[in-house]
Each structure stands twice: as C-alpha cells, then as structure tokens.
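Okay, structure first, notes after.
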Amino acid sequence: MAKARNFLLLLLLAALAIRAAWMAIEPILPYLVSGLAVLLVLGFVYYRFTRW
C-alpha cells in the first residue's frame with residue numbers, strides 16, 4: 001500500500017511540475033514560434049546566396 005501511495009504522490013508532484021512549467025512557457029510560445037520562423041527564412045536565404 002505504501003508503494004502505491006508513494007507512486008501516486010510522485011505522479012501528483014510530476015503533474016504539478018509539468019503544469020508550472022507550462023504556465024511559465026505558454027506566454028512566450030508565440031514569440032518562440034515567430035522567432036523560429038524568421039530564423040528559418042533567414043537561414044534559407046543565407047543558404048541560397050552562399051551556395052556554390
């Protein structure tokens with residue numbers, strides 16, 4: 001019984017940690033996606049201009 005209780009407590013703590021991480025990352029998500037898109041376009045342009 002103690003093993004099951006410890007496992008459930010571990011699952012609860014993991015869920016809380018994941019929730020806290022998501023609450024920290026979610027506001028930044030649009031900036032990350034748009035930054036990656038800009039980086040992809042700039043990398044593609046750089047690759048096209050420097051290709052032999």
Side-chain angles (χ1 to χ4, degrees):
M1 190 63 163
K3 268 188 163 183
R5 187 171 43 237
N6 284 340
F7 181 70
L8 289 175
L9 182 63
L10 180 68
L11 283 179
L12 180 63
L13 287 175
L16 288 174
I18 290 171
R19 175 77 174 144
W22 176 250
M23 287 174 65
I25 292 172
E26 186 195 8
I28 309 169
L29 212 53
Y31 302 109
L32 284 175
V33 170
S34 45
L36 283 173
V38 168
L39 195 63
L40 181 70
V41 169
L42 288 177
F44 181 74
V45 169
Y46 178 76
Y47 171 74
R48 285 293 185 182
F49 277 125
T50 59
R51 204 171 55 157
W52 289 89

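Positions are given from 1 along the sequence.
Between R51 and Y47, some side-chain heavy-atom pair lies under the 4.5 Å cut-off.
Between atom CG of residue L32 and atom CG of residue L36 there is a gap of 6.5 Å, rounded to the nearest 0.5 Å. In this structure, L13 CG and N6 CG are separated by 10.5 Å, a value rounded to the nearest 0.5 Å.
What you find for P30 and P27 is that their closest heavy atoms are CD-O, 3.6 Å.
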